[in-house]
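The basis for the numbers below is simple: all heavy atoms, side chains too, and nothing from hydrogens, waters or symmetry mates. Residue numbers begin at 1 in each chain, while the letters A, B, ... track the order of the sequences.
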Amino acid sequence: MAKAIEIRWHGRGGQGTVTAAKVLADACLSGGGYVQAFPEYGPERAGAPIRAFNRISESVIRMYGPVLKPQVICIADATLMDAVNVSEGAPDDAIYLVNTSKEPKEIREKLKAKDSQKVFTVDASKIAIESFGRPMPNSSMLGAVCKATNVVTMDTMVENVVKSFGKKFAQKIIDGNTNATKRGFEEVKEG
Amino acid sequence: MGKIVAVTGNEACALALRQINPDVCAAYPITPATDLMQRFSGYVNDGKVDTELILVESEHSAMSACIGAAAAGGRVATATSSQGLALMWEMLYIAAGTRLPIVMPLVNRALSAPLNIHGDHSDGMGARDTGWIQLYSENAQEAYDNTIMAFRIAEHLDVRLPIMVCMDGFIVSHSIERVEYVDDADVKNFVGKFEAVHPLLDLENPKSYGPLILTDLYHEYKRAQHEVMTKVPAVIETVSAEFAKMTGREYNLFEKYRLEDAEIAIVVMSSAAGTTKDIIDQYREKGVKIGLLKPRMFRPFPFTEIAEALKHVKAIAVLDRADSFGGMGPLYSEIAACVMQMDSKPAVTNKIFGLGGRDYLPDQAEYVIDELIEIAKSGKVKTVKEYIGVRE
(Lines give C-alpha, C1' and ligand atoms only; values in the text may rest on other atoms or scores of the structure.)
Protein backbone atom coordinates (compact mmCIF):
# COMPACT_ATOMS: atom_id res chain seq x y z
CA MET A 1 0.00 0.00 0.00
CA ALA A 2 1.11 3.54 -0.72
CA LYS A 3 2.41 5.54 2.24
CA ALA A 4 -0.31 8.16 1.86
CA ILE A 5 -2.68 8.86 -0.98
CA GLU A 6 -5.45 11.37 -1.53
CA ILE A 7 -8.31 10.74 -3.94
CA ARG A 8 -11.00 12.99 -5.35
CA TRP A 9 -14.17 11.56 -6.85
CA HIS A 10 -16.33 13.42 -9.36
CA GLY A 11 -19.79 12.08 -9.95
CA ARG A 12 -23.41 13.03 -10.23
CA GLY A 13 -25.93 12.74 -7.39
CA GLY A 14 -27.52 9.28 -7.44
CA GLN A 15 -24.64 7.46 -9.16
CA GLY A 16 -23.28 5.92 -5.99
CA THR A 17 -20.08 7.97 -5.95
CA VAL A 18 -20.25 8.61 -2.22
CA THR A 19 -20.85 4.90 -1.64
CA ALA A 20 -17.77 4.16 -3.76
CA ALA A 21 -15.65 6.41 -1.54
CA LYS A 22 -17.05 4.65 1.54
CA VAL A 23 -16.40 1.16 0.19
CA LEU A 24 -12.86 2.15 -0.80
CA ALA A 25 -12.29 3.37 2.77
CA ASP A 26 -13.62 0.11 4.18
CA ALA A 27 -11.41 -1.90 1.84
CA CYS A 28 -8.28 0.08 2.71
CA LEU A 29 -9.09 -0.22 6.42
CA SER A 30 -9.26 -4.00 6.17
CA GLY A 31 -5.95 -3.74 4.30
CA GLY A 32 -4.53 -2.31 7.54
CA GLY A 33 -4.47 1.41 6.82
CA TYR A 34 -5.90 4.62 8.20
CA VAL A 35 -8.74 6.00 6.11
CA GLN A 36 -11.03 8.95 5.60
CA ALA A 37 -14.06 9.20 3.29
CA PHE A 38 -16.41 12.13 3.01
CA PRO A 39 -18.51 13.94 0.44
CA GLU A 40 -18.92 17.65 -0.01
CA TYR A 41 -22.28 18.43 1.54
CA GLY A 42 -24.54 20.72 -0.40
CA PRO A 43 -28.01 20.58 -1.88
CA GLU A 44 -28.41 16.88 -2.61
CA ARG A 45 -30.11 16.56 -5.98
CA ALA A 46 -30.04 13.63 -8.39
CA GLY A 47 -27.85 14.50 -11.35
CA ALA A 48 -26.04 17.47 -9.78
CA PRO A 49 -22.23 17.38 -9.85
CA ILE A 50 -20.85 16.14 -6.55
CA ARG A 51 -17.38 15.59 -5.16
CA ALA A 52 -16.24 13.05 -2.60
CA PHE A 53 -12.82 12.47 -1.08
CA ASN A 54 -10.62 9.73 0.31
CA ARG A 55 -7.47 9.96 2.34
CA ILE A 56 -5.62 6.70 2.84
CA SER A 57 -2.44 6.41 4.84
CA GLU A 58 -0.16 4.04 6.72
CA SER A 59 -0.15 6.47 9.65
CA VAL A 60 -2.86 8.37 11.48
CA ILE A 61 -4.74 10.96 9.38
CA ARG A 62 -5.21 14.31 11.10
CA MET A 63 -5.98 16.58 8.15
CA TYR A 64 -9.63 17.55 7.66
CA GLY A 65 -11.18 19.47 4.79
CA PRO A 66 -11.29 18.84 1.07
CA VAL A 67 -8.42 17.19 -0.78
CA LEU A 68 -6.68 20.01 -2.63
CA LYS A 69 -3.95 18.07 -4.48
CA PRO A 70 -5.45 14.69 -5.38
CA GLN A 71 -2.98 12.05 -6.58
CA VAL A 72 -5.96 10.12 -7.94
CA ILE A 73 -8.96 11.67 -9.69
CA CYS A 74 -11.87 9.32 -10.34
CA ILE A 75 -14.46 10.64 -12.78
CA ALA A 76 -17.62 8.52 -12.58
CA ASP A 77 -19.42 10.55 -15.26
CA ALA A 78 -17.45 11.64 -18.34
CA THR A 79 -19.79 14.58 -19.06
CA LEU A 80 -18.38 16.24 -15.93
CA MET A 81 -15.14 16.89 -17.85
CA ASP A 82 -17.12 19.61 -19.66
CA ALA A 83 -19.04 20.80 -16.60
CA VAL A 84 -16.47 21.20 -13.81
CA ASN A 85 -12.71 21.64 -13.56
CA VAL A 86 -11.76 18.02 -12.85
CA SER A 87 -8.03 18.81 -13.13
CA GLU A 88 -8.03 21.35 -10.31
CA GLY A 89 -4.97 20.87 -8.10
CA ALA A 90 -3.81 17.74 -9.96
CA PRO A 91 -0.09 17.18 -9.27
CA ASP A 92 2.37 16.20 -12.03
CA ASP A 93 2.10 12.53 -11.10
CA ALA A 94 -1.69 12.48 -10.89
CA ILE A 95 -3.66 9.46 -12.01
CA TYR A 96 -6.96 10.03 -13.85
CA LEU A 97 -9.55 7.28 -14.02
CA VAL A 98 -12.51 8.03 -16.26
CA ASN A 99 -15.74 6.11 -16.84
CA THR A 100 -16.04 6.22 -20.62
CA SER A 101 -16.21 4.00 -23.69
CA LYS A 102 -13.47 6.12 -25.27
CA GLU A 103 -9.81 5.20 -25.51
CA PRO A 104 -7.35 6.59 -22.94
CA LYS A 105 -5.51 8.50 -25.69
CA GLU A 106 -8.60 10.53 -26.56
CA ILE A 107 -9.33 11.27 -22.89
CA ARG A 108 -5.70 12.24 -22.33
CA GLU A 109 -6.09 14.88 -25.04
CA LYS A 110 -9.38 16.09 -23.64
CA LEU A 111 -7.93 16.44 -20.14
CA LYS A 112 -4.74 18.00 -21.54
CA ALA A 113 -2.94 15.60 -19.20
CA LYS A 114 0.82 15.98 -18.85
CA ASP A 115 3.13 13.15 -19.97
CA SER A 116 3.97 12.53 -16.33
CA GLN A 117 0.28 12.01 -15.49
CA LYS A 118 -1.40 8.67 -16.06
CA VAL A 119 -4.78 8.29 -17.72
CA PHE A 120 -6.96 5.20 -17.31
CA THR A 121 -10.36 4.56 -18.84
CA VAL A 122 -12.99 1.93 -18.14
CA ASP A 123 -16.49 1.57 -19.57
CA ALA A 124 -17.93 1.29 -16.08
CA SER A 125 -21.54 2.11 -17.00
CA LYS A 126 -21.62 -0.55 -19.73
CA ILE A 127 -20.15 -3.13 -17.36
CA ALA A 128 -22.77 -2.19 -14.77
CA ILE A 129 -25.66 -2.56 -17.21
CA GLU A 130 -24.35 -5.94 -18.35
CA SER A 131 -23.70 -7.11 -14.79
CA PHE A 132 -26.85 -6.04 -12.93
CA GLY A 133 -28.96 -4.07 -15.36
CA ARG A 134 -28.48 -0.54 -14.05
CA PRO A 135 -26.02 2.19 -15.09
CA MET A 136 -24.48 2.51 -11.61
CA PRO A 137 -20.75 2.75 -12.29
CA ASN A 138 -19.42 2.63 -8.73
CA SER A 139 -18.56 -1.07 -8.35
CA SER A 140 -16.78 -1.30 -11.70
CA MET A 141 -14.97 1.97 -10.91
CA LEU A 142 -13.77 0.44 -7.64
CA GLY A 143 -12.31 -2.53 -9.48
CA ALA A 144 -10.57 -0.17 -11.88
CA VAL A 145 -9.22 1.90 -8.94
CA CYS A 146 -7.55 -1.24 -7.56
CA LYS A 147 -5.78 -1.85 -10.84
CA ALA A 148 -4.84 1.79 -11.48
CA THR A 149 -3.55 2.60 -8.01
CA ASN A 150 -2.66 -0.67 -6.21
CA VAL A 151 -4.08 1.00 -3.13
CA VAL A 152 -5.71 -2.24 -2.07
CA THR A 153 -5.87 -5.79 -3.45
CA MET A 154 -8.70 -6.92 -5.68
CA ASP A 155 -9.74 -9.67 -3.25
CA THR A 156 -10.06 -7.22 -0.37
CA MET A 157 -12.06 -4.88 -2.57
CA VAL A 158 -14.48 -7.62 -3.64
CA GLU A 159 -14.94 -8.68 0.00
CA ASN A 160 -15.87 -5.12 0.90
CA VAL A 161 -18.22 -4.66 -2.04
CA VAL A 162 -20.05 -7.78 -0.81
CA LYS A 163 -20.06 -6.44 2.75
CA SER A 164 -21.36 -3.03 1.75
CA PHE A 165 -23.95 -4.07 -0.83
CA GLY A 166 -24.93 -7.09 1.26
CA LYS A 167 -26.56 -4.81 3.81
CA LYS A 168 -29.05 -3.43 1.33
CA PHE A 169 -29.49 -5.68 -1.69
CA ALA A 170 -30.58 -9.14 -2.83
CA GLN A 171 -27.97 -11.79 -3.66
CA LYS A 172 -28.47 -11.28 -7.41
CA ILE A 173 -27.54 -7.61 -7.15
CA ILE A 174 -24.57 -8.38 -4.89
CA ASP A 175 -23.29 -10.96 -7.37
CA GLY A 176 -23.78 -8.47 -10.21
CA ASN A 177 -21.73 -5.88 -8.34
CA THR A 178 -18.88 -8.27 -7.49
CA ASN A 179 -18.80 -9.28 -11.14
CA ALA A 180 -18.71 -5.61 -12.15
CA THR A 181 -15.85 -4.97 -9.70
CA LYS A 182 -13.84 -7.83 -11.20
CA ARG A 183 -14.58 -6.71 -14.75
CA GLY A 184 -13.62 -3.13 -13.91
CA PHE A 185 -10.26 -4.46 -12.68
CA GLU A 186 -9.73 -6.54 -15.81
CA GLU A 187 -11.01 -4.13 -18.43
CA VAL A 188 -9.45 -0.84 -17.32
CA LYS A 189 -7.06 0.52 -19.95
CA GLU A 190 -4.05 2.77 -19.59
CA GLY A 191 -2.85 5.11 -22.27
CA MET B 1 -7.65 -4.62 21.38
CA GLY B 2 -11.17 -3.70 20.25
CA LYS B 3 -12.63 -3.97 16.80
CA ILE B 4 -11.30 -1.50 14.22
CA VAL B 5 -13.92 -0.01 11.93
CA ALA B 6 -14.39 2.78 9.37
CA VAL B 7 -17.33 4.80 10.67
CA THR B 8 -18.62 8.36 11.02
CA GLY B 9 -18.41 10.31 14.26
CA ASN B 10 -22.17 9.99 14.66
CA GLU B 11 -22.03 6.24 14.12
CA ALA B 12 -19.28 5.85 16.72
CA CYS B 13 -21.16 7.91 19.33
CA ALA B 14 -24.38 6.00 18.70
CA LEU B 15 -22.47 2.78 19.25
CA ALA B 16 -21.03 4.14 22.51
CA LEU B 17 -24.59 4.84 23.68
CA ARG B 18 -25.60 1.31 22.74
CA GLN B 19 -22.71 -0.11 24.74
CA ILE B 20 -23.67 2.02 27.74
CA ASN B 21 -27.38 1.21 27.47
CA PRO B 22 -28.89 4.24 29.26
CA ASP B 23 -32.23 3.89 31.05
CA VAL B 24 -33.90 6.78 29.27
CA CYS B 25 -33.21 8.79 26.15
CA ALA B 26 -35.46 11.65 25.03
CA ALA B 27 -34.59 13.14 21.68
CA TYR B 28 -35.70 15.30 18.80
CA PRO B 29 -33.90 15.15 15.45
CA ILE B 30 -31.75 17.99 14.13
CA THR B 31 -29.02 18.05 11.50
CA PRO B 32 -26.19 17.04 11.88
CA ALA B 33 -27.02 15.13 15.11
CA THR B 34 -30.04 13.41 13.54
CA ASP B 35 -28.03 10.49 12.26
CA LEU B 36 -26.63 9.77 15.74
CA MET B 37 -30.03 9.46 17.38
CA GLN B 38 -31.50 7.70 14.34
CA ARG B 39 -28.88 4.98 14.67
CA PHE B 40 -29.47 4.78 18.41
CA SER B 41 -33.25 4.51 17.92
CA GLY B 42 -32.44 1.62 15.57
CA TYR B 43 -30.70 -0.13 18.48
CA VAL B 44 -33.80 0.49 20.61
CA ASN B 45 -36.04 -0.89 17.88
CA ASP B 46 -33.87 -3.98 17.43
CA GLY B 47 -33.85 -4.69 21.15
CA LYS B 48 -30.08 -4.14 21.45
CA VAL B 49 -30.66 -1.82 24.41
CA ASP B 50 -33.26 -1.59 27.18
CA THR B 51 -33.48 2.18 26.88
CA GLU B 52 -36.87 3.84 27.06
CA LEU B 53 -36.77 6.14 24.05
CA ILE B 54 -39.07 9.14 24.40
CA LEU B 55 -39.82 10.83 21.10
CA VAL B 56 -40.81 14.38 21.93
CA GLU B 57 -42.07 17.36 19.96
CA SER B 58 -39.11 19.70 20.50
CA GLU B 59 -35.66 19.92 22.05
CA HIS B 60 -37.10 21.92 24.94
CA SER B 61 -39.25 18.89 25.69
CA ALA B 62 -36.34 16.52 25.08
CA MET B 63 -34.25 18.18 27.76
CA SER B 64 -37.27 18.50 30.05
CA ALA B 65 -37.92 14.77 29.75
CA CYS B 66 -34.23 14.04 30.37
CA ILE B 67 -34.36 16.18 33.51
CA GLY B 68 -37.46 14.36 34.76
CA ALA B 69 -35.98 10.96 34.03
CA ALA B 70 -32.64 11.83 35.64
CA ALA B 71 -34.35 13.19 38.76
CA ALA B 72 -36.48 10.05 38.87
CA GLY B 73 -33.25 8.09 39.18
CA GLY B 74 -32.28 6.99 35.67
CA ARG B 75 -29.10 7.06 33.63
CA VAL B 76 -30.03 9.49 30.86
CA ALA B 77 -28.65 10.57 27.49
CA THR B 78 -29.70 12.66 24.51
CA ALA B 79 -28.00 14.42 21.59
CA THR B 80 -28.54 17.64 19.68
CA SER B 81 -27.07 20.43 17.54
CA SER B 82 -27.40 24.15 16.95
CA GLN B 83 -30.99 25.41 17.13
CA GLY B 84 -31.87 22.32 19.12
CA LEU B 85 -29.42 23.29 21.83
CA ALA B 86 -30.63 26.87 21.64
CA LEU B 87 -34.20 25.72 22.21
CA MET B 88 -33.03 23.73 25.25
CA TRP B 89 -31.49 26.84 26.75
CA GLU B 90 -33.57 27.35 29.89
CA MET B 91 -33.63 23.61 30.59
CA LEU B 92 -29.82 23.37 30.34
CA TYR B 93 -29.50 25.62 33.38
CA ILE B 94 -32.06 23.54 35.24
CA ALA B 95 -30.24 20.28 34.46
CA ALA B 96 -26.98 21.72 35.81
CA GLY B 97 -28.50 23.61 38.75
CA THR B 98 -30.34 20.48 39.81
CA ARG B 99 -27.08 18.45 39.55
CA LEU B 100 -28.39 15.85 37.12
CA PRO B 101 -25.70 13.81 35.33
CA ILE B 102 -27.21 13.84 31.83
CA VAL B 103 -24.85 12.97 28.96
CA MET B 104 -25.35 14.79 25.67
CA PRO B 105 -23.27 14.49 22.51
CA LEU B 106 -23.42 17.94 20.90
CA VAL B 107 -22.71 17.85 17.19
CA ASN B 108 -21.50 21.42 16.80
CA ARG B 109 -23.30 23.47 14.17
CA ALA B 110 -23.74 27.14 13.34
CA LEU B 111 -26.75 29.10 14.58
CA SER B 112 -29.34 30.91 12.44
CA ALA B 113 -29.72 33.50 10.89
CA PRO B 114 -28.82 32.98 8.12
CA LEU B 115 -29.81 29.34 8.17
CA ASN B 116 -26.75 27.09 7.96
CA ILE B 117 -26.40 23.41 8.80
CA HIS B 118 -22.59 23.20 8.91
CA GLY B 119 -20.10 23.00 11.71
CA ASP B 120 -18.93 25.73 14.03
CA HIS B 121 -18.86 26.19 17.79
CA SER B 122 -21.54 28.88 18.15
CA ASP B 123 -23.96 26.44 19.77
CA GLY B 124 -21.55 25.06 22.35
CA MET B 125 -20.12 28.45 23.20
CA GLY B 126 -23.64 29.79 23.71
CA ALA B 127 -24.07 27.13 26.40
CA ARG B 128 -20.77 28.03 28.04
CA ASP B 129 -22.33 29.49 31.17
CA THR B 130 -25.09 26.94 31.69
CA GLY B 131 -23.13 24.94 34.26
CA TRP B 132 -22.58 21.92 32.00
CA ILE B 133 -19.20 20.28 31.67
CA GLN B 134 -17.96 20.54 28.07
CA LEU B 135 -15.47 18.26 26.33
CA TYR B 136 -14.44 18.97 22.72
CA SER B 137 -13.30 16.14 20.44
CA GLU B 138 -10.85 16.35 17.54
CA ASN B 139 -12.04 13.29 15.63
CA ALA B 140 -14.46 10.37 15.71
CA GLN B 141 -12.18 8.33 17.99
CA GLU B 142 -12.10 11.11 20.56
CA ALA B 143 -15.87 11.66 20.29
CA TYR B 144 -16.44 7.94 20.93
CA ASP B 145 -13.94 7.75 23.80
CA ASN B 146 -15.22 10.98 25.37
CA THR B 147 -18.82 9.70 25.24
CA ILE B 148 -17.84 6.62 27.23
CA MET B 149 -15.82 8.63 29.74
CA ALA B 150 -18.58 11.26 30.01
CA PHE B 151 -20.86 8.91 31.96
CA ARG B 152 -18.17 8.24 34.56
CA ILE B 153 -17.32 11.93 34.86
CA ALA B 154 -20.92 13.15 35.09
CA GLU B 155 -22.02 10.47 37.53
CA HIS B 156 -19.00 10.73 39.84
CA LEU B 157 -20.24 11.51 43.35
CA ASP B 158 -17.91 14.52 43.59
CA VAL B 159 -19.43 15.89 40.38
CA ARG B 160 -23.06 14.92 39.55
CA LEU B 161 -23.30 17.41 36.70
CA PRO B 162 -24.52 17.18 33.10
CA ILE B 163 -21.92 16.95 30.36
CA MET B 164 -21.73 17.79 26.64
CA VAL B 165 -19.44 15.82 24.37
CA CYS B 166 -18.79 18.05 21.37
CA MET B 167 -17.65 17.12 17.87
CA ASP B 168 -17.59 19.20 14.70
CA GLY B 169 -20.76 18.89 12.64
CA PHE B 170 -20.24 17.18 9.25
CA ILE B 171 -16.45 17.51 9.47
CA VAL B 172 -16.36 14.75 12.08
CA SER B 173 -19.99 13.69 12.48
CA HIS B 174 -20.32 12.70 8.80
CA SER B 175 -16.75 11.80 7.82
CA ILE B 176 -15.89 8.15 7.73
CA GLU B 177 -12.64 7.42 9.52
CA ARG B 178 -10.80 4.73 11.40
CA VAL B 179 -12.12 4.15 14.90
CA GLU B 180 -11.06 1.52 17.39
CA TYR B 181 -13.99 0.37 19.48
CA VAL B 182 -13.78 -0.90 23.02
CA ASP B 183 -15.37 -4.33 23.57
CA ASP B 184 -18.95 -4.21 24.86
CA ALA B 185 -18.09 -5.99 28.10
CA ASP B 186 -15.17 -3.65 28.79
CA VAL B 187 -17.35 -0.56 28.27
CA LYS B 188 -20.01 -2.00 30.56
CA ASN B 189 -17.41 -2.76 33.18
CA PHE B 190 -15.73 0.64 32.79
CA VAL B 191 -18.94 2.64 33.08
CA GLY B 192 -20.26 0.48 35.91
CA LYS B 193 -23.69 0.13 37.39
CA PHE B 194 -25.64 3.35 37.71
CA GLU B 195 -26.22 4.47 41.27
CA ALA B 196 -29.21 6.75 41.60
CA VAL B 197 -28.71 9.61 44.05
CA HIS B 198 -31.83 10.99 45.72
CA PRO B 199 -34.20 9.45 43.14
CA LEU B 200 -37.74 10.78 43.02
CA LEU B 201 -38.97 7.23 42.47
CA ASP B 202 -37.74 6.18 45.90
CA LEU B 203 -41.24 6.55 47.30
CA GLU B 204 -40.22 5.55 50.83
CA ASN B 205 -38.07 8.67 51.01
CA PRO B 206 -39.99 11.48 49.35
CA LYS B 207 -38.03 14.50 48.27
CA SER B 208 -38.47 17.72 46.34
CA TYR B 209 -36.54 19.04 43.33
CA GLY B 210 -36.54 22.60 42.00
CA PRO B 211 -37.23 24.70 45.11
CA LEU B 212 -37.62 28.46 45.20
CA ILE B 213 -34.52 30.08 46.68
CA LEU B 214 -34.47 33.84 46.87
CA THR B 215 -32.02 36.35 48.23
CA ASP B 216 -31.39 34.29 51.34
CA LEU B 217 -29.40 31.46 49.72
CA TYR B 218 -29.37 31.74 45.89
CA HIS B 219 -25.95 33.41 45.94
CA GLU B 220 -24.56 30.56 48.09
CA TYR B 221 -26.20 27.97 45.84
CA LYS B 222 -24.41 29.44 42.80
CA ARG B 223 -21.10 29.51 44.65
CA ALA B 224 -21.64 25.82 45.43
CA GLN B 225 -22.10 25.20 41.69
CA HIS B 226 -18.78 26.89 41.02
CA GLU B 227 -17.16 24.88 43.82
CA VAL B 228 -18.32 21.59 42.35
CA MET B 229 -16.95 22.61 38.95
CA THR B 230 -13.53 23.02 40.54
CA LYS B 231 -13.64 19.31 41.43
CA VAL B 232 -14.26 18.27 37.82
CA PRO B 233 -10.66 18.40 36.48
CA ALA B 234 -9.38 15.88 39.03
CA VAL B 235 -12.24 13.52 38.20
CA ILE B 236 -11.61 13.87 34.46
CA GLU B 237 -7.94 13.11 35.02
CA THR B 238 -8.71 10.02 37.10
CA VAL B 239 -11.31 8.69 34.67
CA SER B 240 -9.04 9.41 31.68
CA ALA B 241 -6.11 7.61 33.34
CA GLU B 242 -8.31 4.58 33.92
CA PHE B 243 -9.49 4.73 30.32
CA ALA B 244 -5.88 4.90 29.11
CA LYS B 245 -5.09 1.80 31.14
CA MET B 246 -7.90 -0.05 29.37
CA THR B 247 -7.33 1.22 25.82
CA GLY B 248 -3.84 2.73 25.62
CA ARG B 249 -5.39 5.99 24.46
CA GLU B 250 -4.31 8.89 26.65
CA TYR B 251 -6.40 11.95 27.35
CA ASN B 252 -5.72 14.98 29.52
CA LEU B 253 -7.50 18.25 30.24
CA PHE B 254 -5.80 19.57 27.12
CA GLU B 255 -3.37 18.21 24.58
CA LYS B 256 0.11 19.61 24.04
CA TYR B 257 1.65 19.05 20.63
CA ARG B 258 5.34 19.89 20.13
CA LEU B 259 4.84 22.59 22.75
CA GLU B 260 7.71 21.86 25.19
CA ASP B 261 10.40 23.80 23.30
CA ALA B 262 8.04 26.00 21.27
CA GLU B 263 8.59 29.75 20.92
CA ILE B 264 5.20 30.35 19.32
CA ALA B 265 1.93 28.49 19.77
CA ILE B 266 -1.52 28.02 18.31
CA VAL B 267 -4.47 27.31 20.61
CA VAL B 268 -7.37 25.68 18.80
CA MET B 269 -10.05 23.08 19.55
CA SER B 270 -11.64 20.14 17.75
CA SER B 271 -10.99 19.04 14.15
CA ALA B 272 -9.00 22.15 13.21
CA ALA B 273 -6.34 20.98 15.69
CA GLY B 274 -5.70 17.94 13.49
CA THR B 275 -5.11 20.00 10.36
CA THR B 276 -2.95 22.42 12.36
CA LYS B 277 -0.71 19.59 13.63
CA ASP B 278 0.12 18.59 10.04
CA ILE B 279 1.12 22.17 9.20
CA ILE B 280 3.12 22.48 12.42
CA ASP B 281 5.13 19.42 11.35
CA GLN B 282 5.95 21.15 8.05
CA TYR B 283 7.19 24.29 9.85
CA ARG B 284 9.14 22.21 12.37
CA GLU B 285 11.01 20.65 9.45
CA LYS B 286 12.02 24.17 8.45
CA GLY B 287 13.26 24.79 12.01
CA VAL B 288 10.37 26.94 13.24
CA LYS B 289 9.72 26.25 16.92
CA ILE B 290 5.94 26.12 16.84
CA GLY B 291 3.62 24.08 19.03
CA LEU B 292 -0.07 23.57 19.66
CA LEU B 293 -2.36 23.47 22.66
CA LYS B 294 -5.76 21.88 22.18
CA PRO B 295 -8.22 22.32 25.05
CA ARG B 296 -10.33 19.19 25.53
CA MET B 297 -12.10 20.41 28.65
CA PHE B 298 -13.59 23.84 27.94
CA ARG B 299 -15.88 23.89 31.01
CA PRO B 300 -14.51 24.01 33.57
CA PHE B 301 -11.53 25.74 31.96
CA PRO B 302 -8.10 24.71 33.28
CA PHE B 303 -6.65 28.22 33.68
CA THR B 304 -3.70 27.44 35.91
CA GLU B 305 -2.58 24.38 33.97
CA ILE B 306 -2.81 26.11 30.60
CA ALA B 307 -0.99 29.18 31.93
CA GLU B 308 1.81 26.86 33.04
CA ALA B 309 1.88 25.08 29.67
CA LEU B 310 2.11 28.31 27.64
CA LYS B 311 4.26 30.53 29.86
CA HIS B 312 7.49 29.94 27.91
CA VAL B 313 6.17 31.01 24.49
CA LYS B 314 6.59 34.50 23.03
CA ALA B 315 3.42 34.69 20.95
CA ILE B 316 0.11 32.84 20.88
CA ALA B 317 -2.64 32.78 18.25
CA VAL B 318 -6.01 31.68 19.57
CA LEU B 319 -8.29 30.29 16.86
CA ASP B 320 -12.00 30.52 17.59
CA ARG B 321 -14.63 28.66 15.54
CA ALA B 322 -17.24 30.97 17.10
CA ASP B 323 -17.53 34.69 17.63
CA SER B 324 -18.87 37.12 20.15
CA PHE B 325 -19.87 39.98 17.90
CA GLY B 326 -18.41 43.20 19.16
CA GLY B 327 -16.34 41.22 21.67
CA MET B 328 -13.51 38.70 21.47
CA GLY B 329 -13.73 35.03 20.52
CA PRO B 330 -14.73 32.89 23.54
CA LEU B 331 -11.55 30.78 23.55
CA TYR B 332 -9.41 33.92 23.23
CA SER B 333 -11.01 35.38 26.36
CA GLU B 334 -10.06 32.28 28.36
CA ILE B 335 -6.48 32.24 27.06
CA ALA B 336 -6.15 35.98 27.74
CA ALA B 337 -7.19 35.21 31.33
CA CYS B 338 -4.44 32.56 31.46
CA VAL B 339 -1.87 35.04 30.16
CA MET B 340 -2.81 37.44 32.96
CA GLN B 341 -1.45 34.86 35.40
CA MET B 342 1.94 34.72 33.68
CA ASP B 343 4.92 36.96 34.45
CA SER B 344 6.10 36.50 30.86
CA LYS B 345 2.95 37.97 29.21
CA PRO B 346 3.26 36.58 25.68
CA ALA B 347 1.53 38.48 22.85
CA VAL B 348 -1.88 36.98 22.00
CA THR B 349 -3.95 37.32 18.85
CA ASN B 350 -7.45 36.10 18.08
CA LYS B 351 -8.38 34.58 14.73
CA ILE B 352 -12.01 33.82 13.94
CA PHE B 353 -12.19 30.95 11.43
CA GLY B 354 -14.49 28.36 9.92
CA LEU B 355 -17.88 29.85 10.73
CA GLY B 356 -20.82 28.01 9.21
CA GLY B 357 -18.52 25.20 8.08
CA ARG B 358 -16.11 27.36 6.04
CA ASP B 359 -13.20 25.01 5.36
CA TYR B 360 -10.14 25.49 7.56
CA LEU B 361 -7.43 24.97 4.97
CA PRO B 362 -3.67 24.59 5.34
CA ASP B 363 -3.02 28.10 3.95
CA GLN B 364 -4.97 29.59 6.88
CA ALA B 365 -2.73 27.79 9.38
CA GLU B 366 0.32 28.91 7.38
CA TYR B 367 -0.87 32.53 7.46
CA VAL B 368 -1.29 32.34 11.23
CA ILE B 369 2.13 30.78 11.79
CA ASP B 370 3.89 33.25 9.48
CA GLU B 371 2.34 36.09 11.44
CA LEU B 372 3.29 34.50 14.77
CA ILE B 373 6.93 34.31 13.61
CA GLU B 374 6.81 38.07 12.92
CA ILE B 375 5.13 38.88 16.23
CA ALA B 376 7.69 36.82 18.14
CA LYS B 377 10.47 38.83 16.43
CA SER B 378 8.98 42.31 16.79
CA GLY B 379 6.84 41.84 19.89
CA LYS B 380 4.15 43.85 18.11
CA VAL B 381 0.57 42.78 17.41
CA LYS B 382 -1.01 44.72 14.54
CA THR B 383 -4.56 43.39 14.79
CA VAL B 384 -5.76 41.57 17.89
CA LYS B 385 -8.95 40.16 16.42
CA GLU B 386 -9.10 39.14 12.78
CA TYR B 387 -11.31 36.97 10.57
CA ILE B 388 -9.28 34.45 8.53
CA GLY B 389 -10.35 32.43 5.49
CA VAL B 390 -12.84 35.20 4.81
CA ARG B 391 -13.86 36.42 1.35
CA GLU B 392 -13.32 40.15 0.87
Practice task
Could you look at A/L68 and say if it's the side chain, the backbone, both or neither that has a heavy atom under 4.5 Å from chain B?
Solution key: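 It is the side chain, since no backbone atom gets that close.
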
Give, as side chain, backbone, both or neither, the part of [X] having an atom under 4.5 angstrom from any heavy atom of chain A.
X: B/L361; answer: side chain
X: B/I279; answer: side chain
X: B/A273; answer: neither

Exercise for the section: Can you see which heavy atom on B/A6 is nearest to which on A/L29, and at what distance? Expected result: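 In this case the closest contact between B/A6 and A/L29 is N-CD2, 3.3 Å.
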
Give every donor-acceptor pair between chain B and chain A closer than 3.5 Å, one pair per line, or write none.
{"from": "B/I176", "atom 1": "N", "to": "A/A37", "atom 2": "O", "distance (Å)": "2.8"}
{"from": "B/I176", "atom 1": "O", "to": "A/A37", "atom 2": "N", "distance (Å)": "2.9"}
{"from": "B/E177", "atom 1": "OE1", "to": "A/Y64", "atom 2": "OH", "distance (Å)": "2.7"}
{"from": "B/E177", "atom 1": "OE2", "to": "A/Y64", "atom 2": "OH", "distance (Å)": "3.1"}
{"from": "B/Y257", "atom 1": "OH", "to": "A/R62", "atom 2": "NH1", "distance (Å)": "3.0"}
{"from": "B/T275", "atom 1": "N", "to": "A/R62", "atom 2": "O", "distance (Å)": "3.3"}
{"from": "B/T275", "atom 1": "OG1", "to": "A/Y64", "atom 2": "N", "distance (Å)": "3.0"}
{"from": "B/D278", "atom 1": "OD1", "to": "A/R62", "atom 2": "NE", "distance (Å)": "2.9"}
{"from": "B/D278", "atom 1": "OD1", "to": "A/R62", "atom 2": "NH2", "distance (Å)": "2.9"}
{"from": "B/D281", "atom 1": "OD2", "to": "A/R62", "atom 2": "NH2", "distance (Å)": "2.7"}

